[in-house]
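This report concerns only the one structure given below.
Throughout, protein chains are lettered first and strands after them, A, B, ... in sequence-line order, and every chain is numbered starting at 1. Here the structure is a predicted model, which is why all the values come from computation and not from measurement.
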Amino acid sequence: MSEVRVRIAPSPSGNLHVGTARTALFNYLFAKKNNGKFVLRIEDTDAERTSQEYVDNIFDSLKALGLNWDEGPDVGGEYGPYTQSQRFDIYPKYIQELLDKGFAYECFCTPEELEAEKEEATQNKKAYVYSKKCENLTEEEKAKLRAEGRKPAIRFNVAKAQAAFHDSSILEFEDLVKGKLHMDTNLIGDFVIMKSNGAPTYNYAVVIDDALMKISHVIRGEDHISNTYKQILIFEALGFEVPRFGHLGMILAPDRSKLSKRHGATAVSDFVEQGYLTEALVNFVALLGWAPSDGEEIKPVDKIAEDFRIGEISSSNSIFEYDKLKWMNSHYIKMLPIEELKEKLKKYLTKYDLSELTDAQYTRMVEITREPLILLSDITDAVSYFFGGENVEIEPEVQTEVIDTEISQDVLKSFVEQAKDWEWSEENLHEKLEAFRSEYKEKGVKPKVTMWAIRAAITGRTRGADMTATLAILGKDNCIKRAKRSIK
RNA sequence: GCCCCCAUCGUCUAGAGGCCUAGGACAACACCCUUUCACGGUGUAGACAGCGAUUCGAAUUCGCUUGGGGGUACCA
């Protein structure tokens, strides 16, 4: 068997979309599993809509996801260049071959003429198929048209190619994920492969690039199924080996429409910005349409690759459920090594003066506040009461519902009284607090209530990180001052 | 309009004719644990789109209907 070579070919007309990321992932997994090569190609034939900024975003996002490519615009490779706009000189050659073989012809139709044809088709409730008006133009006619200043586009002769390589008008291929797929080529119509301005169209450029880059398997979204028939015909007409194709279901938003900004993040970089871990994102996206054989859903990409089989991918669309992604993200946050977490979190702590804390205190603070985090960005709010010295912002409700009660006031007075003699280490605090709680328990005050009073006064909230550690990090001075401030 | 693809709990899925009174995960709900929130644990609820056909037997095969998605460009 020849070498497995797959590719991801994004168009830099926007930041890397999660859908593209998933396609990239499946290609990557397929390459890994089969000891193949993963190629990155930038499809920027439409100069109007593409920009370098997006190219950079695509590179960065793919790298962040851990989907490293073996060949691509930056790392090069045997079959470069890997950016379509740099390959414009190689496309005409094969156009000429197609022309010579009679599989393509010049078309002088104007946009208006074409528009009229389409209009007529809709009127008659028929599928629109190009009329082939220009198929048999004589040299004289062409010369005349040219003299009028018309520049021809090149169209591919579908029927001719189909007849040359197949028995009927039905074109069939075996899809890696969907099985047998077929289409009546009579319904396709002679499509343009080179625009009148000399630029290749997508369907044509893809074939040339895939063929020249020796791509063995094309794994992409099912929105490309209808393009596949056109592409197979070009491969055949040019005598290239036709690759295997695999079409993935689409990713839909919870309302079954296309996933767009209004649903939340859509670009990988958006997710990262919002505090998602790329490890969680890849893992989650792998589970869209695929399930691990051992039922273990949380696993790193290389483990997934071992288990991956393309034929097992679901052929239906799947909905992007943010809830499950969040669950997964919180899982990955819990598993992240503390030093890495500390580093990643800094980005969300810029509003605080981190110099108030020693590194040990910062570490401890992260340890005790990481648990409930769903997004990294949640840390901003989770940690606010560790800063600002003796001043804490107290939520109004906490003030009236908790701090102002008779019991709380009593607890706080007693706390201030006792705490001033405590040795302020976490261990000792733990013991002291425990004793403090039992003392009140004997008076009929639940431990929960006792702790609430202290927590409320010191953090301004009714919920938060482990109290003992919180007190320790804040320091004796701050704690006592904060407690005193809450005593009326 | 025409063409193509798809169809199991709300969601992601397991399921390749009898192992299915359909399994797991997220979400939901309840309880337990607990100094709070959370984590964790234990439970509850929840699906084979409909109709026909094949078969001793169908979630699994076939057909139709319905629903959803995609395509229909000198965009990619």
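- Among the heavy atoms of the strands lying under 4.0 Å from A:Met183 are primed sugar atoms or P, OP1, OP2 only; no base atom is included.
- Side-chain N/O atoms of A:Ser196 and base N/O atoms of B:C74 include a donor-acceptor pair closer than 3.5 Å.
- Nucleotide B:A14 holds its P atom 12 Å from the CG atom of A:Asp307, rounded to whole Å.
- Rounded to a whole Å, the CG atom of A:Asn317 is 11 Å from the P atom of B:G71.
- Considering only side-chain N and O atoms, A:Lys230 lies nowhere under 4.0 angstrom from the phosphate OP1 or OP2 of B:U72.
- When rounded to the nearest whole Å, the span between CD1 of A:Ile193 and P of B:C75 equals 14 Å.
- Distance, A:Ile225 CD1 to B:A76 P: 20 Å, rounded to whole Å.
- Nucleic acid contact class of A:Ala465 (heavy atoms, under 4.0 Å, all strands): base.
- The partner of B:A25, taking Watson-Crick or G-U wobble pairs whose two distances both stay under 3.5 Å, is B:U11.
- A:Asn227 comes within contact range of at least one nucleobase, with a heavy-atom separation under 4.0 Å.
- At a threshold of 4.0 angstrom between heavy atoms, the contacts of A:Arg455 include nucleobase atoms, whether or not backbone atoms are also involved.
- Residue A:Lys326 is out of contact with every strand shown, counting any heavy-atom pair closer than 4.0 Å.
- A:Gly289 comes within 4.0 angstrom of sugar-phosphate atoms only, judged by non-hydrogen atoms across all strands, and of no base.
- Formation of a donor-acceptor pair under 3.5 Å by the A:Arg7 side chain with backbone atoms of A:Val39 is not found in this model.
- Salt bridge absent: A:Glu174 and A:Arg244 never bring a charged side-chain N and a carboxylate O closer than 4.0 Å.
- Contact annotation for A:Thr45: backbone-only contact, meaning every heavy-atom pair under 4.0 Å involves sugar-phosphate atoms and none involves a base.
- Across all strands, A:Arg49 comes closer than 4.0 Å to base atoms (heavy-atom distances).
- Position along RNA chain B of the nearest nucleotide to A:Ala153 versus A:Leu252 favours A:Leu252 as the more 5'-ward residue.
- For A:Leu433 and B:U36, the CG to P distance is 12 Å, given to the nearest whole Å.
- The interatomic distance linking A:Arg437 (CZ) with B:U34 (C1') rounds to 10 Å, in whole Å.
- Among the protein residues, A:Lys446 comes within range of no part of the nucleic acid, since none of its heavy atoms lies under 4.0 Å from any strand.
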